[in-house]
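All values reported here derive from a predicted model rather than from experimental measurement.
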Amino acid sequence: MHIEIDQDVCIGAGQCALTAPNVFTQDDDGFSTLLPGMEDGGGDPLVREAARACPVHAITMKEPTG
């Protein structure tokens with residue numbers, strides 16, 4: 001899985017960081033970002049719930065192809 005956060009859509013609600021703090025954090029401006037090395041979710045079972053918790057749907061998850 002590959003996780004992306006659309007920074008143009010993110011409003012900094014922080015629901016992702018509250019739901020899956022081992023994967024998501026907030027930058028100095030309060031916008032969501034992935035922790036280093038967690039672009040694949042690190043196997044955290046809460047990643048999908050964190051994406052669903054985003055009020056503006058800024059988080060997308062893509063399964064690898066091939």
K.L.:
Tell me whether E39 is salt-bridged to K62, with the criterion being a basic N under 4.0 Å from an acidic carboxylate O.
P.N.:
no
K.L.:
Which heavy atom of P55 sits nearest a heavy atom of I11, and at what distance?
P.N.:
CG-CD1, 4.2 Å
K.L.:
Can you find a pair of side-chain heavy atoms, one from I59 and one from C16, that are under 4.5 Å apart?
P.N.:
yes
K.L.:
For E49, which residues count as a salt bridge (Lys or Arg N to Asp or Glu O under 4.0 Å) partner, sequence neighbours excluded?
P.N.:
R52
K.L.:
Of T33, I3, V23, which is the lone residue that meets side chain to side chain contact (heavy atoms under 4.5 Å, CB included) with M38?
P.N.:
V23
K.L.:
Which atom names give the shortest non-hydrogen contact between A53 and Q15, and what distance separates them?
P.N.:
O-CB, 3.6 Å
K.L.:
What are the two closest heavy atoms between D40 and G37, and how far apart are they?
P.N.:
OD1-O, 4.0 Å
K.L.:
Quick check: closest heavy atoms across A13 and Q26, and the distance to 0.1 Å?
P.N.:
C-NE2, 4.3 Å
K.L.:
Show every salt bridge (charged side-chain N to carboxylate O under 4.0 Å, His left out) that has at least one partner inside residues 8-24, sequence neighbours left out.
P.N.:
none
K.L.:
Output the distance between atom CD (Q7) and atom CG (D29), rounded to the nearest 0.5 Å.
P.N.:
9.5 Å
K.L.:
Answer with yes or no whether the hydrophobic clustering places L18 together with L46; edges join I, L, V, M, F, W, Y residues whose side-chain heavy atoms lie under 4.5 Å apart.
P.N.:
no
K.L.:
Quick one: are F24 and L34 in side-chain contact, heavy atoms under 4.5 Å?
P.N.:
yes
K.L.:
Which heavy-atom pair separates D44 from A20 by the least distance, and what is that distance?
P.N.:
OD2-CB, 4.4 Å
